[in-house]
Amino acid sequence: MIEIIGTLLFTFLFYYFACLATANSNQKIVYTSLFVVSSVALRAVLDVTLNNDYYFYYSFGIFHKPTGFLSYLLNEPYLYSVYAFFTLFLEAKKEVFLAMYWFNFLIATLFFIWLLYRKDVEMWKKMILFVFHYFLFGFVVLRNGPAYMLFAMYFYYAFRGKKFNWIWITPLMHISSCLLLVTYFHKWKNYYKGLVLATVFIGVFFLIMKPFLASIDAFKSILSKVDIYSKGMPVVGFMHILFFMFISGLFLTGFLLYKKKMLHPILVTTMLFYGITFFINPIVAHRFSPYVIFALLLYPFEEISNNKIVVLLNKFSILLFPIFIYTLHIAHKNKLFVDFFIK
């Protein structure tokens, strides 16, 4: 277990120093390279089967040949496509899954490097996003992780008046991302009216058409997920409620500080959907929360300045390391830590 603690510490420190280094400097390139090496080492020493979602994915019912194109298209085909690709080279299912997790890790690593080189995002924001999402994106989720990352990139570019069309493939990764596709039209002058009408129309349409859709095999997977979420999941922890209060407080603080800037349609929409999903089920809201956090922290509220507060926040972000350890803990089964103390 010493190798896990060592690679964990180096991964955090190399990312921290890469953020701290001047943009496009040789020092930044060196620390980024070291971050990649330590990340690969960390991925290698952590048992893939110990992440919380491994056996959920392993027993998932989508890893079979689709009955037709509609079935393939509606059942989040991204993960099946990745699985099918690796079966061309590997036979054992465990080996295929190991390859899938390495592939997912590669995507997440490239995303955090992309974030690392954003000049107009404060370092302390980069560190918060890295600490909270590194293990979630790179070590746990296989379907919604790429969707989160693409939407994070979309938020960054949309807030700066640039187009990012790759979000249109996110429903192929995770169906929940369909909700936020509406923000692509945030510049439309009647956006809020359209948002309300679209929400009501989709809700009514679903209620009316649900019996018919249930008779179509291609829709059964989607409908089963909707039923699970609408009925509520069995375990709602105190941390889910506390996290909701934290994000709500973050949003309200931003509103008090920046007022009109917090009324950006994308910010309002993501927070609105987050609030709705919380009242459906706090666990559902927790899974939606990365969209809100990335939207809030990637929005350019003000120009970066070298004032003392920003400099202190940047330097003291090294104190996030205990949270980094905690995110490793909650992303993996207790066996990982039991073995550490026994050995």
Side-chain angles (χ1 to χ4, degrees), residues 36 39-40 42-114 133-154 164-181 213-229 287-288 290-291 331-333:
V36 172
S39 292
V40 170
L42 182 59
R43 173 69 280 178
V45 298
L46 277 175
D47 186 350
V48 170
T49 64
L50 290 180
N51 85 72
N52 287 331
D53 284 4
Y54 179 83
Y55 288 104
F56 167 76
Y57 286 120
Y58 196 82
S59 59
F60 207 26
I62 68 166
F63 298 116
H64 54 77
K65 190 174 182 179
T67 56
F69 180 73
L70 185 61
S71 174
Y72 171 77
L73 194 63
L74 291 175
N75 286 285
E76 301 166 341
Y78 164 76
L79 190 58
Y80 171 77
S81 299
V82 175
Y83 176 82
F85 173 77
F86 284 113
T87 57
L88 297 175
F89 310 99
L90 303 166
E91 293 184 5
K93 190 174 181 180
K94 286 187 177 181
E95 293 180 358
V96 172
F97 265 75
L98 181 60
M100 289 170 64
Y101 271 100
W102 272 102
F103 177 71
N104 189 69
F105 165 78
L106 173 62
I107 294 173
T109 302
L110 290 173
F111 167 74
F112 285 111
I113 291 174
W114 169 85
H133 300 106
Y134 175 73
F135 289 110
L136 178 67
F137 291 177
F139 291 70
V140 181
V141 292
L142 294 178
R143 294 183 303 154
N144 38 344
Y148 288 143
M149 290 181 270
L150 284 175
F151 259 99
M153 297 175 76
Y154 159 71
F164 187 80
N165 296 324
W166 284 101
I167 58 164
W168 289 103
I169 68 171
T170 56
L172 304 179
M173 301 169 176
H174 203 266
I175 200 69
S176 65
S177 61
C178 287
L179 289 172
L180 284 176
L181 287 178
L213 296 176
S215 65
I216 303 175
D217 290 338
F219 283 92
K220 286 182 179 179
S221 175
I222 294 175
L223 292 175
S224 65
K225 294 173 188 175
V226 173
D227 286 337
I228 291 171
Y229 289 146
R287 294 179 179 182
F288 194 84
Y291 295 120
H332 293 80
K333 298 184 183 298

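Values below: all heavy atoms of this structure, side chains included; hydrogens, waters and symmetry mates excluded.
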*Val141 and Asn144, any side-chain heavy atoms less than 4.5 Å apart*: yes

*Worked verdict on Val48 versus Arg43 for side chain to side chain contact (heavy atoms under 4.5 Å, CB included)*: CA-CA 8 Å; Val48 170; Arg43 173 69 280 178; 3.5 Å; yes

*Verify the distance criterion only: is there a donor paired with an acceptor across the side chains of Asn51 and Tyr101 at less than 3.5 Å?*
yes

_Side-chain heavy-atom pair Trp166, Met149 within 4.5 angstrom cut-off_ = no

*Can you measure from OH (Tyr83) to CE (Met100) and round to the nearest 0.5 angstrom?*
8.0 Å

_Min side-chain heavy-atom separation Tyr78-Ile169 under 4.5 Å_ = no

*Check whether the ring centres of Tyr148 and Phe151 lie less than 6.0 Å apart, and answer yes or no.*
no

_Parallel, tilted or perpendicular: ring planes of Phe105 versus Trp102, cut at 30 and 60 degrees_ = perpendicular

_For a side chain to side chain contact (heavy atoms under 4.5 Å, CB included) check, start with the C-alpha distance between Val36 and Ile113, then their side-chain angles and the critical distance, and finish with the verdict._
CA-CA 9 Å; Val36 172; Ile113 291 174; 3.7 Å; yes

*How about Phe135 and Leu42: do any of their side-chain heavy atoms sit closer than 4.5 Å?*
yes

*Any side-chain heavy-atom pair of Phe137 and Ile107 under 4.5 Å*: no

*asked:* Before we go on, tell me: are the rings of Phe97 and Tyr58 under 6.0 Å apart, centre to centre?
replied: yes

_Do Leu180 and Thr170 have side chains that approach each other closer than 4.5 Å (heavy atoms only, starting at C-beta)?_
no

*Within a strict 4.5 Å, meaning less than it, do heavy atoms of the Leu46 and His332 side chains meet?*
yes

*If every non-hydrogen atom of Cys178 is compared with every non-hydrogen atom of Pro171, which pair is closest and at what distance?*
SG-CB, 3.6 Å

*Nearest heavy-atom pair of Tyr291 and Ser177: which atoms, and what distance?*
OH-CB, 3.8 Å

*asked:* I need the Ile167 CD1 to Tyr154 OH distance, nearest 0.5 Å.
replied: 5.0 Å

*CG/Leu172 to OH/Tyr80 distance, rounded to the nearest 0.5 angstrom?*
15.0 Å

*Would you check if Arg143 and Met173 make a side-chain contact, meaning some heavy-atom pair closer than 4.5 Å?*
no

_Chi angles and distances behind the side chain to side chain contact (heavy atoms under 4.5 Å, CB included) call for Phe111, Leu150_ = CA-CA 9 Å; Phe111 167 74; Leu150 284 175; over 6 Å; no

*Indicate whether any N or O donor in one side chain lies under 3.5 Å from an N or O acceptor in the other, for Tyr134 and Ser39.*
yes

